[in-house]
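Below: one structure, written as structure tokens.
Remember, predicted model here, so these are calculated numbers, not experimental data.
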Amino acid sequence: MAAQPKANPPTDGRTPPPRGLAGLWASVEPRVFVPSGLIILGFVLFAVIWQDTAAEGVEKVQAEIVGNLSWFYMAIVSLFVIFVLWVGLGRFGNIKLGKDHEKPEFSTGSWLAMLFAAGMGIGLVFWGVAEPMSFFHGPKPGVGEGEAERAEFAMVQTFLHWGIHPWAIYVVVGLAVAYAVHRKGRPVSIRWALEPLFGDKVKGLWGDVIDTIAVVGTVFGVATSLGLGVKQVASGMGFLNWVDDPSSKTLLVVLIAGITALATFSVVSGVGKGIKWLSNINMGLAGLLLLFVVIAGPTLFIFNGFVQDTGAYLQSVVSLSFDTGAASGEEGTSWVNGWTVFYWGWWISWAPFVGVFIARISRGRTVREFVCGVMLVPTLLTFFWFAALGGSGLDEARNGEQDFKDSEGAVSPDGALFQLLDTMPGGTFVAGMAILLIVLFFVTSSDSGSYVVDMLSSGGDPNPPVWSRVFWSVLEGAAAAALLLASGTGDASLNTLKTTAIIIAFPFSIVMIGMCAATLRAFYAERRAALEAQERERQDQLIDETVAAIEEGLEKGTLEKDPREAAKQAAGRATGRGSGSGADSGSDSGSDSGSGTPAGTGG
């Protein structure tokens with residue numbers, strides 16, 4: 001029997017909810033919950049018990065996927081950008097993600113703020129300084145050796161990784177889910193986004209497989225971010241001399257356990273008491289950190305760089321989008337695989353999480369509003385974040401005051417932020433605030449991620465049970481610890497996290513291709529239905545006008561006029577264009593239709 005969406009059990013006494021273990025089991029979708037949990041738990045145990053074998057396995061899979069399919073990631077993400085721009089700016093832009101005349105659930109300001117919050121995470125704090133500095137000291141093969149060339153390349157390449165491409169990935173998922181949930185009334189689940197393509201098959205095995213892929217991808221995507229975040233927390237503790245060995249795996253696992261406990265407390269306390277105020281604190285601390293860097297850093301250089309680098313990004317975004325590094329041989333391809341392909345895989349692994357989130361807050365928006373809002377506003381704010389932190393780092397490096405390299409001569413991703421803060425007045429205090437910010441991002445990412453995963457594994461229930469949210473929160477922390485244990489130290493540890501994101505993203509990228517096809521099929525069907533409805537209404541208006549003209553002729557005794565001429569005059573009055581203009585009536589009648597204007601007929 002097909003798996004059906006779960007709903008909250010009635011409480012009026014007619015159908016008593018199951019008790020005990022049966023009640024717990026009835027609150028989830030077993031065909032998604034069990035295989036997802038077993039896959040993740042199996043990897044965690046394998047990575048903890050057989051660490052060396054797990055590390056070798058990750059490397060082998062990396063060689064196959066990254067080595068042979070990097071071209072696929074580069075092409076598919078660029079095509080996602082083209083797809084969402086075409087859908088958002090084209091004929092489908094007026095389709096409403098909700099009922100025809102439904103107003104947006106949130107004000108535009110609140111909606112945009114939540115979109116920015118979705119993009120502000122551990123990754124921005126981790127890479128804010130480290131990524132531009134890594135590109136400055138180790139640019140892609142073929143980039144000039146001059147400081148100015150390397151500095152501009154560093155910022156433009158960073159903008160590529162954090163610009164419209166990741167948000168296009170999120171739009172593909174978010175748009176498909178928002179249409180299914182708000183327009184068609186389906187449960188909050190990835191499977192229903194593919195209903196236009198697979199029909200009722202999404203209620204059975206196909207739907208279970210799709211949701212399982214989404215759950216596993218989300219857990220490992222969040223776990224990758226948590227691994228990056230805890231490495232930076234440990235580095236910050238070393239910077240403040242709180243610990244002697246910040247690279248100790250024991251320390252990292254202890255930190256993951258402690259912060260996961262905080263996330264679990266947030267889960268139990270509920271959305272209103274936990275995640276909301278933590279998110280508000282997050283945004284406040286991130287804003288204070290950004291403001292501090294802008295004021296204490298090279299303010300004029302930051303604003304000049306922001307404008308210049310944005311222009312350079314717009315000039316080169318198309319060529320960079322398809323650049324696989326092939327022109328520079330194996331060295332160039334390896335560079336692109338280690339950075340750009342990693343990011344595309346990382347964003348795809350996060351797509352179910354962020355996509356479901358932005359879908360839920362976008363009820364009542366049109367497709368055009370959704371695409372433009374999601375892609376443009378967070379992108380510009382993210383650009384300014386990197387212009388401030390990365391630009392300050394570049395200014396320090398070009399002035400010879402700080403090169404952000406570690407003892408091995410490479411940029412330290414974990415410690416670059418703290419090295420920058422150390423050059424500024426009050427940097428030690430702000431470093432402590434940055435550690436708190438990372439911890440809170442860890443907590444909110446784990447809490448929000450476990451909530452989305454729980455919805456997917458509970459058949460789309462928007463109010464999943466607390467016990468399963470706790471389960472997923474703990475499992476995300478365990479997955480992060482397992483990834484770190486299955487890796488080496490330093491760069492090897494980071495590379496394992498990056499590789500895992502790329503591996504996990506591959507199956508979900510296939511799902512996303514299906515989402516694009518399903519969205520197009522649904523939009524074409526809706527537009528066709530709306531045009532047919534408008535044509536029927538136009539014909540009804542023409543008939544009404546013709547009947548009225550005949551009745552008027554009977555009353556005035558002028559019916560001897562040619563009926564065909566009367567019909568022509570009636571058609572002219574119906575369209576407001578005079579006799580013989582009925583062929584253009586669709587342009588006016590559609591504005592008052594109410595039967596399908598959201599279908600994008602304005603295009």
Side-chain angles (χ1 to χ4, degrees), residues 36 39-40 43 57-81 83-84 118-119 121-123 126-127 160-174 176-177 190 193-194 209-228 321-322 324 333 336-358 445 449 452-453 456 476 479-480 482-483 486-487 494-516:
S36 301
I39 291 172
I40 299 167
F43 174 83
V58 170
E59 290 179 1
K60 289 180 180 178
V61 177
Q62 177 191 25
E64 292 296 324
I65 292 183
V66 180
N68 298 325
L69 292 177
S70 58
W71 60 269
F72 171 78
Y73 281 101
M74 297 297 294
I76 200 65
V77 172
S78 298
L79 292 177
F80 287 155
V81 174
F83 169 78
V84 298
I122 292 175
F126 186 87
W127 293 111
L160 174 73
H161 295 160
W162 294 83
I164 62 173
H165 290 72
W167 288 101
I169 292 171
Y170 297 156
V171 167
V172 168
V173 178
V177 173
I190 299 294
L194 291 162
V209 171
I210 291 167
D211 280 345
T212 298
I213 291 173
V215 168
V216 174
T218 299
V219 168
F220 279 105
V222 173
T224 299
S225 297
L226 300 186
L228 297 176
S321 298
F322 294 92
T324 63
T333 304
V336 172
N337 290 348
W339 284 104
T340 307
V341 174
F342 153 66
Y343 270 115
W344 294 172
W346 194 20
W347 300 136
I348 291 173
S349 67
W350 269 72
F353 169 25
V354 180
V356 168
F357 171 77
I358 62 177
S445 296
V452 170
V453 167
L456 297 178
E476 285 167 358
L483 288 173
S487 63
L494 178 62
N495 289 336
T496 299
L497 294 174
K498 293 166 70 173
T499 299
T500 304
I502 298 171
I503 294 171
I504 293 300
F506 178 69
F508 193 72
S509 67
I510 306 301
V511 174
M512 290 181 64
I513 295 173
M515 284 182 165
C516 292

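- The only member of W162, Y73, F508 that meets ring-ring contact (aromatic ring centres under 6.0 Å, His included) when paired with W347 is W162.
- Between V219 and V453, the closest side-chain pair of non-hydrogen atoms falls below 4.5 Å.
- Scanning all heavy atoms of the two residues, the minimum distance from A480 to L226 falls at CB-CB, 4.0 Å.
- Side-chain contact between F357 and Y170 is absent, with no heavy-atom pair separated by less than 4.5 Å.
- Residues meeting the side chain to side chain donor-acceptor pair (under 3.5 Å) test with S225, sequence neighbours left out: W346, W350.
- The shortest distance between side-chain heavy atoms of F80 and M512 falls below 4.5 Å.
- Ring pair W339/H161 is parallel by interplanar angle, where below 30° counts as parallel and above 60° as perpendicular.
- Every residue two or more places apart in sequence or in another chain that forms a side chain to side chain contact (heavy atoms under 4.5 Å, CB included) with V209 is listed here: L205, I213.
- Side-chain contact between V77 and Y343 is absent, with no heavy-atom pair separated by less than 4.5 Å.
- Here I164 contributes atom CD1 and I169 contributes atom CD1; the two are 11.0 Å apart, rounded to the nearest 0.5 Å.
- Counting heavy atoms from C-beta on, the side chains of V356 and I190 come closer than 4.5 Å.
- P352 approaches A214 most closely through the heavy-atom pair CG-O, 4.0 Å.
- With a 4.5 Å cut-off on side-chain heavy atoms, F506 and L69 count as touching.
- Heavy-atom minimum distance, G449 versus V222: CA-CG2, 4.4 Å.
- Counting heavy atoms from C-beta outward, V172 and C516 have side chains that approach closer than 4.5 Å.
- When atom types are taken as modelled, the side chain of S349 and the backbone of G217 share no donor-acceptor pair closer than 3.5 angstrom.
- In terms of heavy atoms, L160 sits closest to P166 at O-CD, 4.3 Å.
- Shown here for A176 and A193, the closest heavy-atom pair between the two residues is CB-CB, 3.6 Å.
- The CE atom of M74 sits 11.5 Å away from atom CG of L79, with the distance rounded to the nearest 0.5 Å.
- Here CG of L456 is found 9.5 Å from OG1 of T212. Values are rounded to the nearest 0.5 Å.
- Taking every heavy atom of both residues into account, V341 and S70 meet most closely at CG2-CB, 3.7 Å.
- One distance of note links CD1 of I513 with CD1 of I76; it measures 3.5 Å at 0.5 Å rounding.
- Aromatic ring pairs are classed by plane angle as parallel below 30°, tilted from 30° to 60° and perpendicular above 60°; the pair W344 and H165 is parallel.
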